[in-house]
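Below: the structure, in structure tokens.
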Amino acid sequence: MRKPFIASNWKLHKTKEEAREFLNSFREKVKYVSDVEIGLGPTFTSLGTVSDGIEGTGIKLCAQNVYFEDEGAFTGEVSPEMLSELGTDYVIVGHSERRQIFGEEDRTINKKIHAVFEHGMKPILCIGETEKQRASGETESVLKSQLKNDLDGVTSHQAGKMVIAYEPIWAIGTGESASPEDAQAGCKFARDQVKKIVGNEAGENVRLQYGGSIKPHNAEVLMSQPDIDGGLVGSASLDPESFADIITITEEL
Ligand code: PEP
């Protein structure tokens, strides 16, 4: 039985003060939620504040990125150990904004996944196709190649514990989510690939999130799909009320 996991990705939003304000209201709204795992993904500078603010709540701390080396001359980077020291549970790896804006390649993403596991955290690996790739019928080949390269060397035990977020790039931040059928098809395809690459057990255990313009009004139909085990939420996670609504709608399914 896979427990649904709804995580926020605040991207480059919220100061520490704003994160505190969010928590004051959000904690109250989700205090009785027990059947959905909740994650919060603040910026690096707010990780400590959020870590303190969620103590004793069961809410998980998610970092948005990491570097794969432990230390050294890597100006501007943050190591897995530094994230782990702050109480980080999950690290988002390979988000399309990192791939597209910062030129992150599968080779780097694969190293990050290994580094996250080595430091006792779990990756949330993001995969997804562009609008152009979708229009030319390449969705499955893109997902297949991303998973093959990103999961290289990942064991069955590790893969079963990780999270994969299927995020069609054309649905991110656009207000236009994928249809429930397309979101389900992407997640099912990703699960089947994990079975082929790492093994059946890992494929059954891995949690597949859908991401791309999840809002309270479409949460029910998206989260009730059989291969969708939760969501990665950007814009709608900035507001405590709409993020809590998505979580409580999922809990009631
Ligand atoms: C995201 O960036 O991971 C995301 C899903 O954003 P949004 O919910 O705003 O589409």
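Just follow the structure's listing: the first ligand is 1, and inside any ligand the first atom is 1. Note that the coordinates shown come from a computational prediction; the quantities given were computed from them, not determined experimentally.
Linking Ile, Leu, Val, Met, Phe, Trp and Tyr whenever their side-chain heavy atoms come within less than 4.5 Å leaves V194 and V142 in two separate clusters.
Between K3 and E37, none of the side-chain N atoms (NZ, or NE/NH1/NH2) sits under 4.0 Å from a carboxylate O, so this pair counts as no salt bridge. With respect to the salt-bridge test (charged N to carboxylate O, under 4.0 angstrom), the residues E204 and K195 qualify. With respect to the salt-bridge test (charged N to carboxylate O, under 4.0 angstrom), the residues D192 and K188 qualify.
Residues lining ligand 1 at a heavy-atom distance below 4.0 Å are given as N9, K11, H95, E167, A171, I172, G173, G211, G212, S213, L232, V233, G234, S235, ordered by chain and residue number.
Residues A244 and V30 approach most closely at CB-CG1, 3.9 Å, considering heavy atoms.
Hydrophobic cluster of F68: the remaining members, joined at side-chain heavy-atom separations below 4.5 Å, are Y67, F74, listed by chain and number.
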